[in-house]
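Worksheet: the structure to be examined is printed underneath.
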Amino acid sequence: MKFFADTSDLDAIKDLADCGMLDGVTTNPSIIAKSGKEFIPLIKEICQICDGPVSAEVASTDFEIMMKEGEKLAKIADNIAVKVPLTEAGLKVCKSLSDNGTMVNVTLCFSPMQALLAAKAGASFISPFVGRLDDIGQDGMDLIADILTIYDNYPQYDTEVLVASIRHPEHILQSARLGADVVTCPPEVIKKLYKHPLTDKGLADFVEDWKKTGQSIL
Ligand code: E4P
């Protein structure tokens, strides 16, 4: 399963890359607004750190303007995935950009049928938002299971299921159990995966016992 970082924080992205935990990056307008930085130069910097797909989202909801934005974003680097909303106009942009060889990530997916439409429009990635469904009392992971079943039924579509709006490690565990292609996570959620109290306790014991030997490896 691929790990994408759902952030524009360059230090966090570098950190994950250094650990071998970075297969791609996703951003959205809220993430960019939070960064307080200029969008295009920031995406350029991210593309220099990350070889995998870097999602950059269009800002308009109008087809013609989204097309222009998407074409501009696609020129930033070869690994850009233009992110478009799951609307009729967004799917039209998806079809057009995909036909021209640009990766497209269709975002704000909340139903299995929306995911099927994105696959038919040639999306490279579909982004179902599990956390936001959990927030309204639905089980976000049920949506992932449904989409994976539907996509498996139609192997002619090669759209990858990119589990988004991840809030905690359990979402990642369930995504892996279901066989999702990608999870995009805030870096702090990926970091939680490293931790286990028995690892900490075991390491503390080893450090203490090693001191007793009075030896040094170096
Ligand atoms: C995905 O591409 C989105 O950027 C993101 O996962 C949304 O997460 P949120 O629901 O925590 O804002």
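Atoms within each ligand, like the ligands themselves, are counted from 1 in listed order. By convention here, the first residue in the shown sequence is residue 1.
Looking at atom 7 (C) of ligand 1, its nearest protein heavy atom turns out to be Phe129 CE2, 3.6 Å. The protein heavy atom nearest to atom 2 (O) of ligand 1 is Lys83 NZ, 2.6 Å. Scanning the protein for heavy atoms near atom 11 (O) of ligand 1, the closest one is Arg167 NH2, 3.3 Å. Looking only at heavy atoms of the protein, atom 5 (C) of ligand 1 is closest to Asp6 OD2, 2.9 Å. Looking at atom 4 (O) of ligand 1, its nearest protein heavy atom turns out to be Asn28 ND2, 2.7 Å.
For Glu57, the closest heavy-atom approach to ligand 1 does not fall below 4.0 Å.
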*For salt bridge (Lys or Arg N to Asp or Glu O under 4.0 Å), just list the numbers for Lys211 and Glu208, CA-CA rounded to whole Å, side-chain angles, deciding distance to a tenth of an Å, and then say yes or no.*
CA-CA 5 Å; Lys211 274 187 204 153; Glu208 276 314 301; 3.1 Å; yes

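Among residues two or more places apart in sequence or in another chain, the ring-ring contact (aromatic ring centres under 6.0 Å, His included) test is passed with Phe110 by Phe129. Residues that satisfy the salt bridge (charged side-chain N to carboxylate O under 4.0 Å, His left out) test with Asp15, not counting sequence neighbours, are Lys191.
The shortest N or O to N or O distance between Ser165 and ligand 1 is under 3.5 Å.
Atoms of ligand 1 found under 4.0 Å from any heavy atom of Arg132, numbered from 1 in the order shown, are 7 (C), 9 (P), 10 (O), 12 (O). When each atom of ligand 1 is checked for a heavy atom of Ala164 under 4.0 Å away, the hits are 1 (C), 6 (O).
Residues Asp99 and Lys95 are paired through a salt bridge, judged by an N-O separation under 4.0 Å between the basic side chain and the carboxylate.
A continuous path of ILVMFWY side-chain contacts below 4.5 Å connects Leu42 to Leu73, so both sit in one hydrophobic cluster.
The residue from Thr27, Asn105, Thr26 that alone fulfils the side chain to side chain donor-acceptor pair (under 3.5 Å) condition with Ser55 is Asn105.
In this structure, His168 and His171 have parallel ring planes: the angle between them is below the 30° cut-off, well short of the 60° mark.
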